[in-house]
Amino acid sequence: MTVPFKDIVWYQDQLWCTSEYGLWTVGKDGKLVDADAPALATACSGNLSTADGILMVAGLNGAAIHDGRQWHRLL
């Protein structure tokens, strides 16, 4: 990658990475793959945070959370 990750977090037994250019996870083979997340979440790429079983992604285009089952757009 030519642009470094902005945030990296551990969530639901997976490593999640983000920058302003996308949202990724690290597969079991150790390779970076596009996150299995809908456009409402990937459009918010930029920052990641996790606490109390919730993953939040936020950036210039808004914010979204994953509650452990599904994604919800906040802004």
Side-chain angles (χ1 to χ4, degrees):
M1 302 220 29
T2 58
V3 176
F5 297 126
K6 195 164 188 184
D7 279 324
I8 300 173
V9 299
W10 185 257
Y11 177 71
Q12 288 190 332
D13 298 325
Q14 257 187 325
L15 192 62
W16 292 73
C17 311
T18 192
S19 72
E20 281 86 10
Y21 299 102
L23 181 63
W24 302 273
T25 58
V26 176
K28 294 184 183 204
D29 59 0
K31 294 185 180 182
L32 198 62
V33 294
D34 288 330
D36 183 19
L40 71 92
T42 58
C44 300
S45 296
N47 296 295
L48 287 172
S49 183
T50 185
D52 299 324
I54 293 174
L55 173 68
M56 182 165 76
V57 58
L60 295 174
N61 295 316
I65 61 167
H66 189 275
D67 64 9
R69 294 174 298 151
Q70 61 184 349
W71 286 95
H72 304 276
R73 182 77 186 243
L74 297 178
L75 302 171

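Position 1 is the first residue of the sequence; numbering continues from there.
Residues satisfying the side chain to side chain donor-acceptor pair (under 3.5 Å) test with Glu20, not counting sequence neighbours, are Lys6. Under the side chain to side chain donor-acceptor pair (under 3.5 Å) criterion, Asp67 pairs with His72, not counting sequence neighbours.
The stretch residues 28-41 participates, sequence neighbours left out, in these side-chain hydrogen bond (donor to acceptor under 3.5 Å, both in side chains) pairs: Trp24-Asp34. Pairs of residues two or more places apart, or lying in two chains, never qualify as side-chain hydrogen bond (donor to acceptor under 3.5 Å, both in side chains) while including a residue from residues 40-54. Under the ring-ring contact (aromatic ring centres under 6.0 Å, His included) criterion, no residue pair touches residues 33-57, with sequence neighbours excluded. Residue pairs meeting the ring-ring contact (aromatic ring centres under 6.0 Å, His included) criterion with at least one member in residues 27-71, sequence neighbours excluded: Tyr11-His66, His66-Trp71.
The CG atom of Leu15 sits 8.5 Å away from atom CZ of Phe5, with the distance rounded to the nearest 0.5 Å.
The two residues Cys17 and Leu32 make their nearest non-hydrogen contact at SG-CD1, 4.3 Å. Nearest heavy atoms, Pro4 versus Ser19: O-CB, 3.8 Å. Here the closest heavy-atom approach between residue Ala41 and residue Val57 is recorded as O-CG1, 3.6 Å.
Under a hydrophobic clustering in which Ile, Leu, Val, Met, Phe, Trp and Tyr are joined whenever their side-chain heavy atoms come within less than 4.5 Å, directly or via other members, Val26 and Val33 fall into different clusters. There is a path of hydrophobic side-chain contacts, each under 4.5 Å, that joins Leu74 to Ile54.
Looking only at side-chain heavy atoms (C-beta outward), Ile65 and Leu55 stay at 4.5 Å or farther from each other.
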